[in-house]
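Worksheet: the structure to be examined is printed underneath.
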Amino acid sequence: MAEKGLLVVISAPSGGGKGTIMKELFAQDDNLRLSVSATTRDPRPGEVDGTHYYFISREEFEALINQGKMLEHAEYVGNYYGTPRGPVEDWLVEGHDVLLEIEVQGGAQVKKLMPECVSIFVLPPSMKVLEERLRGRGTEGETTLQERLSTARQEILHVKDYDYIVFNDRLEDAVSDILAILRAEKLKYSRNTDSAERVLNNAETV
Ligand code: 5GP
């Protein structure tokens with residue numbers, strides 16, 4: 001039977017450049033699976049239903065919550081966001097590492113529900129850079145942009161609740177830091193308690 005995979009929570013303020021990090025992570029680690037969230041916000045240009053998000057109505061979202069089909073959910077800048085439970089549980093059992101790219105309220109819920117998860121906070125180099133990146137994306141009006149910036153400030157205060165911090169200054173460094181965290185986590189004694197016994201029994205250890 002496959003070893004159970006790692007559940008990895010990554011949070012970063014919106015506009016922190018995490019989309020690019022994710023793309024590169026998946027290019028380098030083919031055992032990793034990305035949970036596709038559901039949201040009630042409108043798609044941005046280029047976003048595809050079922051790939052970037054499941055874009056659903058508030059009524060549909062609330063029905064999923066009531067049916068217990070959301071692993072976690074949160075309201076963020078006026079919209080619901082949540083992680084569908086099924087695919088995450090299936091992938092973990094199959095031995096895949098599963099990445100949840102979610103905000104801090106959801107991160108706290110997952111940590112409570114599955115304390116064995118690994119949580120990583122990706123910090124932007126500065127608030128100034130974060131604002132520049134958000135403006136550069138040009139997908140929000142000024143009011144939403146200001147709201148996102150003030151939410152980002154609040155979110156950064158939660159960095160202390162995470163296991164690891166990754167600085168998103170240079171893309172290659174951020175990606176290799178995250179891969180290093182995953183590798184180290186898999187080598188933790190708590191995840192390999194029977195390995196000495198396997199060595200003594202001449203069983204395959206890897
Ligand atoms: P955006 O609207 O920029 O795509 O996402 C806004 C915020 O929602 C980001 O911080 C993103 O990480 C977070 N988010 C995306 N999907 C989920 C989810 O399933 N659950 C929670 N709690 N947050 C999510």
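FYI, side chains are in, hydrogens and waters are out, and symmetry mates aren't considered; it's all heavy atoms of this structure. Atoms within each ligand, like the ligands themselves, are counted from 1 in listed order.
- Under the 30°/60° scheme for interplanar angles, the aromatic rings of Y76 and Y81 are found to stand perpendicular.
- For the pair E142 and R135, the salt-bridge criterion is met [side-chain N within less than 4.0 Å of a carboxylate O].
- The hydrophobic cluster containing I21 also contains V8, counting ILVMFWY residues as joined when their side-chain heavy atoms lie under 4.5 angstrom apart, directly or transitively.
- Neither the backbone nor the side chain of E47 comes within 4.0 Å of ligand 1, counting heavy atoms alone.
- Atoms of ligand 1 lying under 4.0 Å from at least one heavy atom of A74, given by number and element, are 22 (N).
- Rounding to the nearest 0.5 angstrom, the gap separating the CG atom in L157 from the NZ atom in K160 is 7.0 Å.
- Interatomic distance, T40 OG1 to E62 CD, rounded to the nearest 0.5 Å: 9.0 Å.
- Atoms of ligand 1 found under 4.0 Å from any heavy atom of R148, numbered from 1 in the order shown, are 1 (P), 2 (O), 3 (O), 6 (C).
- Heavy-atom separations between H52 and ligand 1 are all 4.0 Å or longer.
- Residue R44 has at least one heavy-atom neighbour below 4.0 Å for each of these atoms of ligand 1: 1 (P), 2 (O), 3 (O), 4 (O).
- Ionic pairing of E116 and K188 is not present here: no N-O contact between side-chain nitrogen and carboxylate oxygen is shorter than 4.0 angstrom.
- No chain of hydrophobic side-chain contacts below 4.5 Å, direct or via other Ile, Leu, Val, Met, Phe, Trp or Tyr residues, connects I156 to V77.
- An N or O contact shorter than 3.5 Å links G82 to ligand 1 by distance.
- For ligand 1, the atoms lying closer than 4.0 Å to a non-hydrogen atom of Y76 are 6 (C), 7 (C).
- If you number the atoms of ligand 1 from 1 as listed, the ones under 4.0 Å from a heavy atom of S37 come out as 16 (N), 17 (C), 18 (C), 19 (O).
- Interface atoms of ligand 1 facing R41, defined by a heavy-atom separation under 4.0 Å, are 1 (P), 2 (O), 4 (O).
- Comparing E103, Q109, M70, H73 against atom 13 (C) of ligand 1, the shortest heavy-atom distance belongs to E103.
- Between E101 and ligand 1, at least one pair of N/O atoms sits closer than 3.5 Å.
- Taking 4.0 Å as the cut-off, Q105 does not count as a neighbour of ligand 1 on heavy-atom distance.
- Side-chain contact, S11 with E103: no donor N or O sits under 3.5 Å from an acceptor N or O.
- Side-chain polar atoms of E185 and Y164 form a donor-acceptor pair below 3.5 angstrom.
- Between Y81 and ligand 1, at least one pair of N/O atoms sits closer than 3.5 Å.
- For ligand 1, the atoms sitting less than 4.0 Å from at least one non-hydrogen atom of G106 are 22 (N), numbered in the order shown with element in parentheses.
- Polar contact check, E72 against ligand 1: a nitrogen or oxygen pair lies under 3.5 Å apart.
- A heavy-atom separation below 4.0 Å is found between K18 and ligand 1.
- The 12-atom threshold is exceeded at CZ of R44, counting heavy atoms of other residues, nucleotides or ligands nearer than 6.0 Å.
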